[in-house]
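Structure, as structure tokens:
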Amino acid sequence: MIGAPTTGAPGAAYGVGMRVLVTGGAGFIGSHTVIQLIAAGHDVLIVDNFANSKPTVINRLEAITSKHLPVHEFDLRDTERTERLFAHEQIDAVIHFAGHKAVGQSSQEPLDYYQNNLGSTFSLVRAMTLHGVAKLVFSSSATVYGANAAVPMNEDFPTSATNPYGWTKVMIEQILRDVAVAQPEMRIALMRYFNPVGAHPSGDLGEDPSGEPNNLLPYICQVAVGRLEKLRIFGDDYDTPDGTPLRDYIHVEDLAAGHIAALVRLDSTDRAVSTWNLGTGKGTSVFEMLHAFERAVGRTLPYEVVGRRAGDIAASYADPGRANTELGWSATHSIDDMCTDSWRWQSRHPNGYPDA
Ligand code: NAD
Ligand code: UDP
């Protein structure tokens with residue numbers, strides 16, 4: 001059994017001045033969250049093996065925050081390294097972003113996905129247990145709502161998945177619920193993100209997918225800078241206002257803010273496990289997103305309507321009511337903000353982050 005949360009820094013019990021371990025802190029969502037944690041008065045340390053990110057992100061984080069960031073470069077599945085980190089560092093809370101996230105790749109390499117996403121979580125939670133760290137915010141996903149066709153989606157919907165990536169999220173959620181039964185002192189937040197997009201307003205941090213992007217906004221970005229010829233719209237014959245599917249796009253800055261709100265809330269909740277949707281509650285179509293991006297760029301972009309993509313559903317958007325009420329959080333950025341910020345990032349860095 002673990003003890004009470006460690007509260008080394010003054011005020012830690014109230015969610016301020018915590019020392020927060022951010023796993024996957026060099027990644028897209030992690031990097032934006034690091035900036036907001038520091039702005040909110042927390043101390044941050046990062047574990048990342050740079051499997052899907054570049055070390056240069058850290059230099060940018062240090063420039064933006066004017067702070068030196070302790071970065072531990074290793075694979076979280078390394079149980080000994082993970083335990084050593086907890087033995088040597090004071091850690092009050094963990095935000096766990098590290099994991100593989102490419103849906104298509106997960107079907108081709110299922111074992112890698114199960115091994116990495118589950119293995120890193122096992123190693124992390126064991127070390128937390130051993131060293132009395134009780135607060136954990138976990139990056140889950142709206143993908144746990146599976147092929148569920150009802151919208152808006154709320155946290156009480158049954159969970160399932162349509163690909164190995166999605167199953168890793170369903171399984172990790174279950175594993176964490178089981179851990180919380182055995183260790184009721186744990187305070188765990190399962191954050192179910194809808195469609196994260198956007199970039200830091202500086203234009204120096206953003207999404208940098210390796211290879212051809214699978215997701216809509218990164219694809220449009222690369223069409224806009226000329227790296228890709230045209231957007232292929234996967235079907236315009238859905239039962240939606242303009243025939244293209246609806247998704248709940250959320251600015252990464254709003255998402256980051258949701259994590260800070262969850263961390264604070266974990267200090268005052270009696271529940272061992274809390275589940276919160278992070279979404280705007282609004283569905284935006286593919287055409288609406290394309291046109292918003294065209295407004296940001298100031299010109300039209302080439303596209304072609306092709307057949308449906310296997311596995312796509314007509315509509316997915318959140319009921320964010322629980323997060324609004326319990327976290328005092330709501331998304332504030334519009335679709336135009338998301339496109340303007342993504343375009344600033346992509347136009348300043350057409351090829352993403354440099355290697356070094
Ligand atoms: P990302 O790939 O940009 O960031 C993940 C980071 O974790 C990377 O820096 C990677 O190098 C690191 N990492 C991966 N495996 C590791 C390991 N075993 N040890 C140490 N570091 C490791 O992804 P992101 O978009 O920032 O997503 C963060 C989390 O949010 C992921 O868990 C993802 O599944 C989840 N999520 C993302 C989205 C999305 O659309 N971006 C949607 C829902 C949920
Ligand atoms: N989409 C598209 N062309 C692309 C990528 C995505 O038409 O190149 C559509 C996709 O069919 C879906 C929406 O854009 O309707 C969002 O897709 P994304 O992969 O970004 O998110 P997800 O479907 O996983 O929520």
Next item on the list: Using salt bridge (Lys or Arg N to Asp or Glu O under 4.0 Å) as the criterion, list what pairs up with Asp75, not counting sequence neighbours.
Entry: Arg77
Next item on the list: Using atom types as modelled and distance alone, determine if a side-chain donor or acceptor of Glu294 lies under 3.5 Å from a backbone N or O of Leu301.
Entry: yes
Checklist line | His131 side-chain N/O to Val133 backbone N/O, donor-acceptor pair under 3.5 Å | finding: no
Checklist line | Residues in side chain to side chain contact (heavy atoms under 4.5 Å, CB included) contact with Pro55, at least two apart in sequence or another chain | finding: Phe50
Check: With a 4.5 Å limit on heavy-atom distance, are the side chains of Val125 and Leu176 in contact?
Finding: yes
Check: Short question: side chain of His42, backbone of Ile38 - any donor-acceptor pair under 3.5 Å?
Finding: no
Next item on the list: Measure the shortest side-chain to side-chain distance between Met128 and Leu136 over non-hydrogen atoms and say whether it is less than 4.5 angstrom.
Entry: yes
Next item on the list: With Leu21 as reference, evaluate Ile46, Asp92, Val44, Leu85 under the side chain to side chain contact (heavy atoms under 4.5 Å, CB included) test and give the passing residue.
Entry: Leu85
Check: For Gly166 and Ala161, which heavy atoms make the closest approach, and how far apart are they?
Finding: C-CB, 3.4 Å
Notebook entry, point to check: Would Trp343 end up clustered with Tyr303 when hydrophobic side chains under 4.5 Å apart are linked, directly or stepwise?
Noted result: yes
Check: Does a side-chain heavy-atom distance below 4.5 Å link Leu45 with Leu69?
Finding: no
Check: So, the side chain of Ser123 versus the backbone of Leu76: is there a donor-acceptor pair under 3.5 Å, distance only?
Finding: yes
Notebook entry, point to check: So, for Ala26 and Asp48, which heavy atoms are closest and what is the spacing to 0.1 Å?
Noted result: N-OD2, 3.1 Å
Next item on the list: Evaluate the side-chain proximity of Ile64 to Ser202: yes if any heavy-atom separation is below 4.5 Å, no if none is.
Entry: yes
Notebook entry, point to check: Can you name the residues that form a salt bridge (Lys or Arg N to Asp or Glu O under 4.0 Å) with Lys101, not counting sequence neighbours?
Noted result: Glu207
What pairs of donor and acceptor atoms, side-chain ones from residues 144-156 against any protein atom, are under 3.5 angstrom apart with sequence neighbours left out?
unit_1: Tyr145; atom_1: OH; unit_2: Asn154; atom_2: O; d: 3.4
unit_1: Tyr145; atom_1: OH; unit_2: Arg192; atom_2: NH1; d: 3.0
unit_1: Tyr145; atom_1: OH; unit_2: Asn277; atom_2: OD1; d: 2.7
unit_1: Asn148; atom_1: OD1; unit_2: Ala150; atom_2: N; d: 3.0
unit_1: Asn154; atom_1: OD1; unit_2: Asp156; atom_2: N; d: 2.8
unit_1: Glu155; atom_1: OE2; unit_2: Asn277; atom_2: N; d: 2.8
unit_1: Asp156; atom_1: OD1; unit_2: Arg322; atom_2: NH2; d: 3.1

Next item on the list: Apply salt bridge (Lys or Arg N to Asp or Glu O under 4.0 Å) to the pair Lys282 and Asp248, showing each step before the final yes or no.
Entry: CA-CA 6 Å; Lys282 292 188 204 79; Asp248 189 342; over 6 Å; no
Margin query: Quick check: closest heavy atoms across Thr244 and Thr240, and the distance to 0.1 Å?
Written below: O-OG1, 2.7 Å
Next item on the list: Answer yes or no: does atom CZ of Arg177 have more than 12 heavy-atom neighbours from other residues, nucleotides or ligands under 6.0 Å?
Entry: yes
Checklist line | Glu62/His68 under side chain to side chain contact (heavy atoms under 4.5 Å, CB included): CA gap, chis, key distance, verdict | finding: CA-CA 6 Å; Glu62 291 186 333; His68 167 69; 3.3 Å; yes
Check: Is there a donor-acceptor pair under 3.5 Å between the side chain of Asn324 and the backbone N or O of Pro320?
Finding: yes
Checklist line | With Arg344 via salt bridge (Lys or Arg N to Asp or Glu O under 4.0 Å) - residues at least two apart | finding: Asp341
Checklist line | Heavy-atom side-chain contact between Ile91 and Val94 under 4.5 Å | finding: yes
Check: Is Leu61 reachable from Phe28 through a run of hydrophobic residues whose side-chain heavy atoms are each under 4.5 Å from the next?
Finding: yes
Next item on the list: Check ring pair (Phe, Tyr, Trp, His ring centres under 6.0 Å) between His349 and all other residues, then give those that pass, not counting sequence neighbours.
Entry: Trp345
Check: Taking only residues two or more places apart in sequence, or in another chain, which ones meet Glu326 in a salt bridge (Lys or Arg N to Asp or Glu O under 4.0 Å)?
Finding: Arg271
Next item on the list: Drop me the distance from Leu278's CG to Ile29's CD1, to the nearest 0.5 angstrom.
Entry: 9.5 Å
Next item on the list: Indicate yes or no: at least one non-hydrogen side-chain atom of Leu205 is less than 4.5 angstrom from one of Ile35.
Entry: yes
Check: Are any side-chain N or O atoms of Arg247 and backbone N or O atoms of Asn195, one a donor and one an acceptor, separated by less than 3.5 Å?
Finding: no
Notebook entry, point to check: CZ of Phe138 to CG of Leu124: how many Å apart, nearest 0.5 Å?
Noted result: 10.0 Å
Check: CG of Leu37 to NZ of Lys67: how many Å apart, nearest 0.5 Å?
Finding: 12.0 Å
Notebook entry, point to check: With distance as the sole test, does Ser268 use its side chain to make a donor-acceptor pair with the main-chain N or O of Arg265 at under 3.5 Å?
Noted result: yes
Under 3.5 Å, which donor-acceptor pairs do the side chains of residues 103-112 form with other protein atoms, sequence neighbours left out?
unit_1: Gln105; atom_1: OE1; unit_2: Tyr113; atom_2: OH; d: 2.6
unit_1: Ser106; atom_1: OG; unit_2: Val103; atom_2: O; d: 2.6
unit_1: Ser106; atom_1: OG; unit_2: Tyr165; atom_2: N; d: 3.0

Contacts under 3.5 angstrom, residues 217-238 side chains, donor-acceptor by atom type, not counting sequence neighbours:
unit_1: Arg227; atom_1: NH1; unit_2: Pro350; atom_2: O; d: 2.7
unit_1: Lys230; atom_1: NZ; unit_2: Glu304; atom_2: OE1; d: 3.1
unit_1: Asp237; atom_1: OD1; unit_2: Arg308; atom_2: NE; d: 3.0

Next item on the list: Identify the two heavy atoms, one from Asn52 and one from Ser210, that lie closest to each other, and give their separation to 0.1 Å.
Entry: OD1-OG, 3.7 Å
Checklist line | Pairs meeting criterion ring pair (Phe, Tyr, Trp, His ring centres under 6.0 Å) with involvement of residues 249-271, two or more places apart | finding: Phe97-His259, Tyr193-His259, His251-His333
Notebook entry, point to check: Do Ser140 and Met191 have side chains that get closer than 4.5 Å, going by heavy atoms?
Noted result: no
Checklist line | Inter-residue atom distance Asp178.CG - Met171.CE, 0.5 Å rounding | finding: 12.5 Å
Next item on the list: Kindly indicate whether the side chain of Leu130, heavy atoms from C-beta on, has any atom under 4.5 Å from the side chain of Phe86.
Entry: no
Margin query: According to a hydrophobic-cluster definition based on side-chain heavy atoms being under 4.5 Å apart (Ile, Leu, Val, Met, Phe, Trp, Tyr only), do Val297 and Val197 belong together?
Written below: yes
Item checked: Cluster check Phe194, Leu327: I/L/V/M/F/W/Y, side chain < 4.5 angstrom -> no
Check: Is the closest basic N to carboxylate O distance between Lys135 and Asp267 below 4.0 Å?
Finding: yes
Next item on the list: For Ser342 and Phe293, work out which heavy atoms get closest and say how close.
Entry: CB-CE1, 4.0 Å
Notebook entry, point to check: Are Leu246 and Met338 connected, step by step, through hydrophobic side chains (Ile, Leu, Val, Met, Phe, Trp, Tyr) whose heavy atoms are closer than 4.5 Å?
Noted result: no
Next item on the list: Would you confirm whether Asp337, through its side chain, and Ser334, through its main-chain N or O, come within 3.5 Å as a donor-acceptor pair?
Entry: yes
Note to self: Using a 3.5 Å distance criterion without hydrogens, assess whether the side chain of Thr159 forms a donor-acceptor pair with backbone atoms of Val170.
What the structure shows: no
Next item on the list: Among residues two or more places apart or on two chains, list those pairs meeting side-chain hydrogen bond (donor to acceptor under 3.5 Å, both in side chains) that have a residue in residues 23-41.
Entry: Thr23-His96
Note to self: Using the side chain to side chain donor-acceptor pair (under 3.5 Å) definition, which of the options Thr121, Asn117, Thr143, Asn116 pairs with Thr168?
What the structure shows: Asn117
Check: Taking the side chain from Trp329 and the backbone from Asp254, do they hold a donor-acceptor pair closer than 3.5 Å?
Finding: yes
Item checked: Contacts of type ring pair (Phe, Tyr, Trp, His ring centres under 6.0 Å), residue Tyr317, not counting sequence neighbours -> none
